[in-house]
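Structure first, then comments.
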Amino acid sequence: MTARVPAKLNLQLAVGPPRADGYHGLVTVFHAVSLFDEVTVEPGARDTVRVTGEGADRVPEDGDNLALRAVAALRAALPRRAARPGGVQVTIAKRIPVAAGLAGGSADAAAALVACNELWASGFSQQRLAEVAATVGSDVAFALVGGTAVGRGRGEQLTPALVPSTQYYWVLAFADGQLATPAVYTALDRLRASGPGKTGPDDPDLDAALMSALRSGDAARVGGRLSNDLQPAALSLFPALRKTLAAGLELGALGALVAGSGPTCAFLAANAERALELAVSLSGAGVCRSVARVAGPVPGATVVTAG
Ligand code: C5P
């Protein structure tokens with residue numbers, strides 16, 4: 001059983017102060033884009049995972065693997081009277097770069113959930129799967145639903161964004177390096193503690209102007225409202241990204257931001273043609289490791305083959 005699952009961008013990421021549990025309260029506008037991992041699950045003697053493709057050597061293949069944790073979480077959530085499913089061999093074909101701010105690990109966990117739900121004929125609704133997803137990681141529930149959605153809490157409380165299905169064309173600039181999400185949140189706390197007036201709001205607000213831009217379907221307006229509170233923290237840990245962002249804007253992007261906790265940079269283009277031009281110029285500018293053109297929104301984790 002194979003499921004395909006997209007990467008995500010955050011069109012807004014507003015971060016509050018750290019909570020007692022160590023997470024940060026946030027408001028975010030998630031947006032799923034057409035860069036996909038594929039996760040295959042097959043019955044096996046015990047739970048194992050094998051990773052191939054982009055950055056495979058940097059994905060843990062032990063109990064820290066989010067897809068394996070998702071398999072275990074779904075098994076534990078099955079009703080007591082259900083037959084215990086046996087082990088599962090998970091194979092992940094990666095195209096979403098690892099530790100890049102695109103929630104690739106969370107995506108793989110979401111794909112493992114939908115694939116095992118089919119393999120075991122568990123019959124969990126998307127709502128029930130989302131509850132299991134939230135126990136695995138903050139971004140896993142969004143990778144299940146995809147599209148464009150507002151996330152609250154630590155990102156796991158989702159409401160669909162009521163916006164038209166306009167396609168947006170993006171160029172992603174992959175960096176030569178990685179950032180660990182917890183380190184970026186810690187850097188944000190440090191930056192805020194060291195500057196007067198730099199503390200974030202206790203209860204961050206959804207950006208009404210971004211939502212209105214998304215309702216209008218006007219890419220230029222959307223590009224002007226992209227925002228990410230984690231960006232200064234990511235830039236402090238990875239200063240070369242400043243050059244990448246500046247280059248993309250100079251080359252005509254309608255908007256630019258660091259994707260999630262970075263270090264990928266995302267650029268919004270006016271249309272597919274402009275995205276192609278921008279991708280070509282950016283890759284020639286020597287400000288990133290490689291580029292990819294993607295479009296969004298796209299659906300979340302979907303079973304693509306049975307067998
Ligand atoms: O939930 P997930 O495992 O994806 O989060 C990874 C790390 O990112 C957390 O351990 C935490 O350090 C940080 N994080 C946070 N606030 C959030 C989401 C993640 O501080 N809302």
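Whatever order the structure lists ligands and atoms in, that order sets their numbers, starting from 1. Keep in mind that the numbers below use all heavy atoms, side chains included, and drop hydrogens, waters and symmetry copies.
The single protein non-hydrogen atom nearest to atom 13 (C) of ligand 1 is Y185 CD1, 3.5 Å, given as residue, atom name and distance. If you check which protein heavy atom lies closest to atom 6 (C) of ligand 1, you get T181 CG2, 4.4 Å. If you check which protein heavy atom lies closest to atom 7 (C) of ligand 1, you get P182 CG, 3.9 Å. Nearest non-hydrogen protein atom to atom 9 (C) of ligand 1 is Y23 CE2, 3.8 Å.
Side chains of R152 and T28: no donor on one and acceptor on the other come within 3.5 Å. Side-chain contact, S138 with R154: a donor N or O sits under 3.5 Å from an acceptor N or O. T2 and T40 are linked by a side-chain donor-acceptor pair at a separation below 3.5 angstrom, with hydrogens and angles left out of the test.
Checked for salt-bridge contact, D37 and R95 miss the test: no charged N lies under 4.0 Å from a carboxylate O. Under 4.0 Å is where a charged nitrogen must lie from a carboxylate oxygen, and between D229 and R192 at least one such pair does.
A distance-only check finds a donor-acceptor pair linking the side chain of N271 to the backbone of R274 [under 3.5 Å].
Residue-to-ligand polar distances place H24 within reach of ligand 1: an N/O pair is separated by less than 3.5 Å.
Put simply, no part of D139 is less than 4.0 Å from ligand 1, judged by heavy atoms. In this structure, G22 counts as a contact residue of ligand 1, since one of its heavy atoms falls inside 4.0 Å of the ligand.
With ligand atoms numbered from 1 in the order given, ligand 1 contributes 1 (O) to contacts under 4.0 Å with heavy atoms of G137. The S138 neighbourhood of ligand 1 comprises atoms 1 (O), 2 (P), 4 (O), 18 (C), with distances under 4.0 Å to a heavy atom of that residue. Near L26, meaning under 4.0 Å from any of its heavy atoms, are these atoms of ligand 1: 21 (N).
Note that OH of Y169 is 13.0 Å distant from CG of L254, once rounded to the nearest 0.5 Å.
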